[in-house]
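Numbers here are sequence positions counted from 1.
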Amino acid sequence: MLRCQFVEDLIPEILGFNVWWPRDLLQLALVSPPWLFYARRLLYSKPCLRSFSACTRFARSIQNNPHLQSLIKGIELYPNDSRHLGFEEMHAIRIILGLDGLRSVTLGGEVAVSAERFLNCLVHSHTVRELTIDGTLIANSLSARPSFEWDEVMACKFSAVQKMRLVHLDLDIVNTSSYQLQLTDLALENVDIISGNLPWLLQNTTTLKHLRVSGESSRELDEQVSLVLDSYRLESLHYQTGSSPSWNLLLFDRSFASAASLRSLHLEGVRVDFEILSTIHARCPAMEHLYICGRYVPLTLEEWVVFVASGLFPALRMLGLPEGTFGPPFTKWTAPSKPALQKACSRRGVLLLD
């Protein structure tokens, strides 16, 4: 009986499909030395640690096996257990955040409380390109709120960061001396800005292209985003409000300067009518991608046909619309009523997204 020999060069191709759970990789690492070599590279590329005991064991492992340290390109710390943050746990976090070559760092769980304390442990912060502070796990904690203070020290440490994501936390922004970040993407999801404003964080940054902001208080969001639109050349904005829809979209007030660089706009949970659309058109004449989502849009399907045919947004290439018209009650559009809209989009060369 003929036996086919497995071609070891296929291992990286097989593991290249992003369908492997860590437990799967652990099993594959036991097959043979070649499988161990490639599986270990994936296992250690961006470990996710969800308890202080896991942090302690991981720190001990990389100390006892220094050859593993070069495999680690990112780290996610989400300790959320009853174990007290003591000397041993803090020592382990210092070892982990002292690794050289980290390009991505995520702090969540208990280490999202006064996150700057732990970020100060980063020895080689100049290599970090992606920074995330995620307070989701303890957002409803009564003992300690997830929080982050951005000051001159943080700005200096993370001047090379290109993507920053802050989630479910209180943010204090200290107005410091002028600096310039390399930030291209900024996301704030359910962040309460306790003091300061976003331009204080961004300062003289010229690379910011993409801003994503979501939260409950539309008025506070409007003010913060308006300041950014007014001062920075954004290319895309994703703006989402929660249970309190914005009935007066201040961020596109005509009194502000033109946001001529904006090419893509995604609005969700916002009341959008003809007045809002014409105001956006006046501020953002080069808009190419427009997405309107949520249940607070009072425009009927017929009115959207008129909008498309009106010639607003002459550079428009993609259009995404809600599934119906806000009432009350909310009226969902039916398939037979959509051909007129599709035809109007086709005439203008606009792709209508499902």
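- Ring geometry, W304 versus F307: the interplanar angle exceeds 60°, so the pair is classed perpendicular (tilted spans 30 to 60°).
- L28 places none of its side-chain heavy atoms less than 4.5 Å from the side chain of Y38.
- You'll find the side chain of L316 reaches within 4.5 Å of the side chain of V350, heavy atoms only.
- At least one donor-acceptor pair under 3.5 Å links the side chain of T241 to the backbone N or O of G269.
- Residues H281 and M287 fail the side-chain proximity criterion, which asks for heavy atoms closer than 4.5 Å.
- Although no hydrogens or angles enter the test, the distance criterion places a donor-acceptor pair under 3.5 Å between the side chain of S278 and the main chain of E275.
- Residues L352 and L277 share a hydrophobic cluster, clusters being chains of Ile/Leu/Val/Met/Phe/Trp/Tyr side chains in contact below 4.5 Å.
- Relative ring orientation between F326 and Y296 is described as tilted, the plane-to-plane angle lying within the 30° to 60° band.
- Both I93 and F158 belong to a single network of hydrophobic side chains, linked directly or stepwise wherever heavy atoms of I, L, V, M, F, W or Y lie under 4.5 Å apart.
- Counting all heavy atoms, side chain and backbone alike, P47 lies closest to I72 at CD-CG2, 4.1 Å.
- Stacking of R50 on the aromatic ring of Y78 is recorded, both the 6.0 Å distance cut-off and the 45° axial limit being met.
- Within the hydrophobic cluster formed by Ile, Leu, Val, Met, Phe, Trp and Tyr side chains joined at under 4.5 Å, directly or through other members, L351 is accompanied by Y291, M318, L353.
- Atom-to-atom distance recorded for L102:CG and D100:CG is 8.0 Å, nearest 0.5 angstrom.
- When every heavy atom of F118 is checked against every heavy atom of L97, the shortest pair comes out as O-CD1, 3.2 Å.
- Here the closest non-hydrogen pair linking F52 and V111 is CE2-CG1, 4.3 Å.
- In this structure the side chain of C345 reaches within 4.5 angstrom of the side chain of L319, judged on heavy atoms.
- Heavy-atom minimum distance, P146 versus H168: CG-O, 3.1 Å.
- In summary, the side chains of T176 and D151 do not present any donor paired with an acceptor at a separation below 3.5 Å, with no hydrogens or angles considered.
- Side-chain contact between E89 and C55: absent, with no pair of heavy atoms (C-beta onward) separated by less than 4.5 Å.
- At distances below 3.5 Å, at least one donor-acceptor pair connects side-chain atoms of Q69 with backbone N or O atoms of I62.
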Test side chain to side chain contact (heavy atoms under 4.5 Å, CB included) on F58 and I75 and set out the steps. CA-CA 11 Å; F58 182 77; I75 193 73; 4.2 Å; yes
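- Within a 6.0 Å radius of CZ in R40, more than 12 heavy atoms belonging to other residues, nucleotides or ligands are found.
- Counting heavy atoms from C-beta outward, L321 and L341 have side chains that approach closer than 4.5 Å.
- Looking at S261 and Y232, their side chains never come closer than 4.5 Å, going by heavy atoms from C-beta outward.
- The neighbour count for N140 CG, taken as heavy atoms of other residues, nucleotides or ligands under 6.0 Å away, does not exceed 12.
- Inter-residue side-chain proximity for N120 and K157 is flagged as met; some heavy-atom pair is nearer than 4.5 Å.
- Contact between A260 and A286 at its shortest, heavy atoms only, is O-CB, 3.6 Å.
- In this model, a donor atom of one side chain and an acceptor atom of the other lie less than 3.5 Å apart for S236 and H210.
- Counted by atom type alone, T132 and D134 present zero donor-acceptor pairs between their side chains at under 3.5 Å.
- Atom CD1 of I292 and atom CD1 of I280 lie 6.0 Å apart (nearest 0.5 Å).
- V123 and M154 are members of different hydrophobic clusters when ILVMFWY side chains are connected at heavy-atom separations under 4.5 Å.
- Considering every non-hydrogen atom in both P298 and T325, the closest pair reads O-CG2, 3.2 Å.
- L68 and L77 fall within a single hydrophobic cluster, where Ile, Leu, Val, Met, Phe, Trp and Tyr are joined by side-chain heavy atoms under 4.5 Å apart, directly or via other members.
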